[in-house]
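Structure record follows, encoded as structure tokens.
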Amino acid sequence: MPSRRRCCDLLVGLILTLALVALSACQVLKAAPAPDSGFLQHATELKEMRERAPFNAIWTADSEAFSEMKERYKKLVILPVRTEFVEEKIKSADLPPSLEMQRLEEAQEMANYMVERFKAAIVDYPNKPIEVVDTPGPDTFVLELALVEVVPTDAVLNVIGTAAGFLVRGTGVVRYAATGSIAIEGILRDGATNQSLLEFKDREIDKNSAFSLKDFQEYAHIRQSIDDWASQYAELSATPLDHTVDDSAPFTLNPF
């Protein structure tokens, strides 16, 4: 029988190999931005700013003025997430009526989940620099998010892909077709004037992994993306404009 040390070496080697394979697969499945929905006021002015935010694109009205406001504004209102944009896509997909209704209800559930997670991430941020409130007013930011794409993971196809031997996402056509995605757009406004101060958009696809139970659940990957966005936005809210918020890893070794 192999020694315990030999088994440990084999396990470490396997983990490193899976990590390298996952990294390679990431190149295949890098998420592209979703088409503009019409929600953002400055959609044509957005640009990638990875030195600040891990989003596809971002826009600020006036960096100097916004930085000064961040020093004074310590309250935030998070409005209900708008879903009409993703609802239009679902209704135009020519789904059976029962499935269309199910997808519409699930999109609303994801919108509600997003509000909850964003609030929790901001409230739980170290030292709680931002207070979440219910009413806009002076020295208060207002965040409005729009859900513009929701494509649940195809759990059935993932079962087929796994059975066929496609154990790593991106290495087989079946598993590629099963990949889900979610996209959001956001506007941060001045609570007193309703002026748009910050706009952003991002799109995420299912994380790569050698094996994950999330692959067999329609919305597990999507919830993970929402959790990541919530944490990233909480950090953005609490830090100066020259602070870099890192993106989440596009792969995971955690099977759960």
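- Residues satisfying the side chain to side chain donor-acceptor pair (under 3.5 Å) criterion with D139, sequence neighbours excluded, are R72.
- In this structure, CG in L188 is found 10.5 Å from OH in Y73, a value given to the nearest 0.5 Å.
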Quiz prompt | Test log, rule side-chain contact (heavy atoms from CB on, under 4.5 Å), inputs D36 and K201 | solution = CA-CA 9 Å; D36 294 329; K201 62 183 297 184; 2.6 Å; yes

Quiz item: Would E88 and K91 count as a salt bridge (Lys or Arg N to Asp or Glu O under 4.0 Å) if you check the C-alpha gap in whole Å, the side-chain angles of each, and the deciding distance to 0.1 Å?
Solution: CA-CA 5 Å; E88 290 177 4; K91 292 176 181 178; over 6 Å; no

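- Considering only heavy atoms from C-beta on, Y219 stays 4.5 Å or farther from Y113 through its side chain.
- One distance of note links NZ of K70 with OG of S63; it measures 11.5 Å at 0.5 Å rounding.
- Expressed to the nearest 0.5 Å, how far CG of D246 lies from CZ of R50 amounts to 11.0 Å.
- In this model, a donor atom of one side chain and an acceptor atom of the other lie less than 3.5 Å apart for T83 and E87.
- Cluster annotation: L147 and I226 are assigned to the same hydrophobic cluster (Ile/Leu/Val/Met/Phe/Trp/Tyr, side-chain heavy-atom contacts under 4.5 Å, transitive).
- Ion pairing of E106 with R103 is present here, as a side-chain N (NZ or NE/NH1/NH2) and a carboxylate O approach within less than 4.0 Å.
- Side-chain atoms of F200 and M49, non-hydrogen and from C-beta on, never get closer than 4.5 Å to each other.
- A parallel orientation is assigned to the rings of W59 and H42, their planes being inclined by less than 30° (bins at 30° and 60°).
- Going from atom CG of L143 over to atom CD1 of I122 covers 7.0 Å, rounded to the nearest 0.5 Å.
- Within the structure, the side-chain hydrogen bond (donor to acceptor under 3.5 Å, both in side chains) test picks out the following pairs touching residues 115-132 (sequence neighbours left out): R117-D227.
- The CZ atom of F55 lies 9.0 Å from the CH2 atom of W229; values are rounded to the nearest 0.5 Å.
- Here the options are L197, D190, V77, the test is side-chain contact (heavy atoms from CB on, under 4.5 Å), and the partner is F141; only L197 passes.
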Quiz item: What's the verdict on side-chain hydrogen bond (donor to acceptor under 3.5 Å, both in side chains) for T239 and R52, showing C-alpha distance, side-chain angles and the deciding distance?
Solution: CA-CA 10 Å; T239 55; R52 170 56 175 158; 3.0 Å; yes

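- To the nearest 0.5 Å, atoms CE (M101) and CG (L95) are separated by 12.0 Å.
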